[in-house]
Colleague: 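Can you read through this structure? Questions will come right after.
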Amino acid sequence: MASFSYLMSVLVLCVIIGYANAQLELNFYAKSCPKAEKIIKDFVEQQVPKAPNTAAAILRMHFHDCFVRGCDGSVLLNFTSTNGNQTEKLANPNLTVRGFSFIDAVKRLVEAECPEVVSCADIVALVARDAVVATGGPFWNVPTGRRDGTISNVSEANADIPAPTSNFTRLQQSFAKKGLDLNDLVLLSGAHTIGVSRCSSFSERLYNFTGVLGTQDPSLDSEYADNLKSRKCRSINDNTTIVEMDPGSFKTFDLSYFKLLLKRRGLFQSDAALTTRTSTKSFIEQLVDGPLKEFFDEFGKSMEKMGRVEVKTGSAGEIRKHCAFVNN
């Protein structure tokens, strides 16, 4: 009898451990909320054509979420019991992150179908993919089963999200910390083929590169720099003007961004850094010389890989009722 009780205890423990260490899987909600992914996809396909920049915004949100405590929806939180309102949203890299209301709208639709079943973290991952597809970009698999984090810390976001002013060493370290390699760095940077930025993210390259006012980043094509200064960012203090990250092609998911890098016309210092190492520059050249499908396929693999970074599954975290707040 004692041995039976022991075996039952071991069995229960194994079940608990297995649940806590559950992995992401495709169609995780097939039984618990079978319509969830279609609800999300339909909403995205209806709304994104009206606001094409949504794809770039949610893609950036997903990236910023995964780089801080993993892909757990912590970037969405307005308030937590441990940190009050000093959440990731207030971190410098996140002050210009957009799309929160879009995620809230999706969450309301999914909650109406299946209350407290689908995580906000999964919604961000699914919307990012579906929004990119809706703009003609690549499709990638999004395994689901992420759970939402309950901690969101402004200082962690400031420390962990690579800044647009990052050099190659900083980028390599940031990505390696999340289990991402140099190919992932290049491919995920390729998301800059869509979307826009504010002058404040790169104006020091134009006006104050060495810390002395009037100095310009010599790695930036001079003609491109002159164009930016005369037509877009006319002052180092310009915090509002919007600039296309991939001029002339910022609404199209293509290879133009990489072609511009090879012409020294990457908008950010972090873009230019990708061509300062032989390995990453060679990979960029390989992508440019290859078919668009190769970039799409490889980008999708890196997105799926990033989407698995430090995820919470099983009994970890929670399923938030409202994406901006932890449950009571």
Side-chain angles (χ1 to χ4, degrees), residues 52-61 63-64 67-68 75 88-100 154-155 157-175 185-186 188-251 256-277 280-281 284:
N53 285 338
T54 300
I58 305 295
L59 198 54
R60 183 176 181 228
M61 178 192 291
F63 178 89
H64 284 209
F67 265 67
V68 186
V75 71
E88 293 171 31
K89 276 188 178 180
L90 293 185
N92 289 330
N94 289 334
L95 293 177
T96 53
V97 169
R98 297 171 296 110
F100 296 110
V154 62
S155 60
N158 278 325
D160 290 347
I161 298 172
T165 55
S166 297
N167 60 25
F168 186 87
T169 300
R170 165 68 173 143
L171 290 170
Q172 185 176 23
Q173 291 172 344
S174 295
F175 275 67
L185 167 60
V186 170
L188 294 174
S189 296
H192 290 171
T193 185
I194 56 173
V196 296
S197 175
R198 295 181 188 277
C199 292
S200 54
S201 294
F202 58 89
S203 58
E204 289 201 350
R205 295 189 76 194
L206 301 174
Y207 294 105
N208 192 33
F209 186 66
T210 64
V212 177
L213 199 62
T215 55
Q216 183 175 297
D217 184 352
S219 72
L220 184 64
D221 176 74
S222 58
E223 184 179 337
Y224 182 43
D226 289 344
N227 182 281
L228 287 171
K229 288 194 286 189
S230 63
R231 299 188 178 186
K232 297 290 184 179
C233 311
R234 297 179 179 178
S235 161
I236 193 173
N237 299 315
D238 186 341
N239 296 315
T240 57
T241 300
I242 298 297
V243 179
E244 300 169 5
M245 292 192 288
D246 185 359
S249 181
F250 77 108
K251 293 182 180 180
S256 176
Y257 163 78
F258 291 121
K259 293 175 182 178
L260 289 174
L261 291 190
L262 297 177
K263 295 178 180 179
R264 300 191 298 120
R265 293 192 171 196
L267 191 60
F268 306 124
Q269 196 173 336
S270 58
D271 292 326
L274 301 180
T275 62
T276 62
R277 295 295 187 277
T280 47
K281 186 176 182 181
I284 292 170

Colleague: With side chains defined as the heavy atoms from C-beta onward, is the minimum distance between V186 and I284 less than 4.5 Å?
Modeller: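 Of all side-chain heavy-atom pairs linking I284 with V186, at least one is under 4.5 Å.
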
Colleague: Which pairs with one or both residues in residues 193-246 pass ring pair (Phe, Tyr, Trp, His ring centres under 6.0 Å), sequence neighbours excluded?
Modeller: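 The answer is none; no pair qualifies.
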
Colleague: What's the shortest heavy-atom distance between A191 and L59, and which atoms?
Modeller: CB-CD2, 3.6 Å

Colleague: Hey, does K281 have a side-chain heavy atom less than 4.5 Å from the side chain of L262?
Modeller: yes

Colleague: How far apart are the closest heavy atoms of F67 and S174, and which atoms are they?
Modeller: CE2-O, 3.7 Å

Colleague: Where do V97 and R60 come nearest, in terms of heavy atoms and distance?
Modeller: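 So the minimum-distance heavy-atom pair works out to N-NH1, 3.5 Å.
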
Colleague: Under the 3.5 angstrom rule, does the side chain of R170 hit a backbone N or O of A163 as a donor-acceptor pair?
Modeller: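 Answer holds: no.
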
Colleague: So which pairs with a foot in residues 198-225 pass salt bridge (charged side-chain N to carboxylate O under 4.0 Å, His left out), sequence neighbours left out?
Modeller: R205-D217, D221-R265, E223-R265

Colleague: Which atoms form the tightest heavy-atom contact between K89 and L95, and what is the distance?
Modeller: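 It is O-CD2, 3.8 Å.
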
Colleague: Measure the OG-CZ distance between S189 and F258 for me, rounded to the nearest 0.5 Å.
Modeller: 7.0 Å

Colleague: Should the heavy atoms of other residues, nucleotides or ligands under 6.0 Å from NZ of K229 be counted, would the total exceed 12?
Modeller: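 Enclosed: over 12 neighbouring heavy atoms sit under 6.0 Å from NZ of K229.
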
Colleague: In Å, rounded to the nearest 0.5 Å, how long is the span from CG of L267 to CG of L260?
Modeller: 10.0 Å

Colleague: Restricting to non-hydrogen atoms, name the atom on A273 and the atom on L171 that form the minimum distance, rounded to 0.1 Å.
Modeller: CB-CD1, 4.0 Å

Colleague: Please report the shortest heavy-atom distance between V75 and F100, naming the atom on each side.
Modeller: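 Distance-wise, the nearest heavy atoms are O-CE2, 3.5 Å.
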
Colleague: State whether the side chain of D246 and the backbone N or O of I194 hold a donor-acceptor pair below 3.5 Å, judged by distance alone.
Modeller: no

Colleague: At what distance, to the nearest 0.5 angstrom, does CD of E88 lie from CG of N94?
Modeller: 6.5 Å

Colleague: If you measure from OG1 on T210 to CD on Q216, what distance do you get to the nearest 0.5 Å?
Modeller: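 Separation between the atoms: 11.0 Å.
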
Colleague: What's the spacing between R264 CZ and S219 OG if we round to 0.5 Å?
Modeller: 7.5 Å

Colleague: Report the distance from atom OG of S203 to atom CG of N239, rounding to the nearest 0.5 Å.
Modeller: 7.5 Å

Colleague: Counting distance only, does the side-chain N/O of S197 pair as donor-acceptor with the main-chain N or O of M245 below 3.5 Å?
Modeller: no

Colleague: Under 30°, 30 to 60°, or over 60°: which ring-plane class applies to Y257 and H192, parallel, tilted or perpendicular?
Modeller: perpendicular

Colleague: Taking L206 as the fixed residue, which of I236, L220, D238 is the one that meets the side chain to side chain contact (heavy atoms under 4.5 Å, CB included) rule?
Modeller: L220

Colleague: Would you find a donor on one side and an acceptor on the other, under 3.5 Å apart, between the side chain of N158 and the backbone of N92?
Modeller: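 Looks like yes, one N/O pair under 3.5 Å.
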
Colleague: Residues two or more places apart in sequence or in another chain: which of them pass side-chain hydrogen bond (donor to acceptor under 3.5 Å, both in side chains) with R98?
Modeller: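 R98: no side-chain hydrogen bond (donor to acceptor under 3.5 Å, both in side chains) contacts found.
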
Colleague: Is any side-chain heavy atom of T169 less than 4.5 Å from a side-chain heavy atom of R277?
Modeller: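 The answer is yes; the side chains approach within 4.5 Å.
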
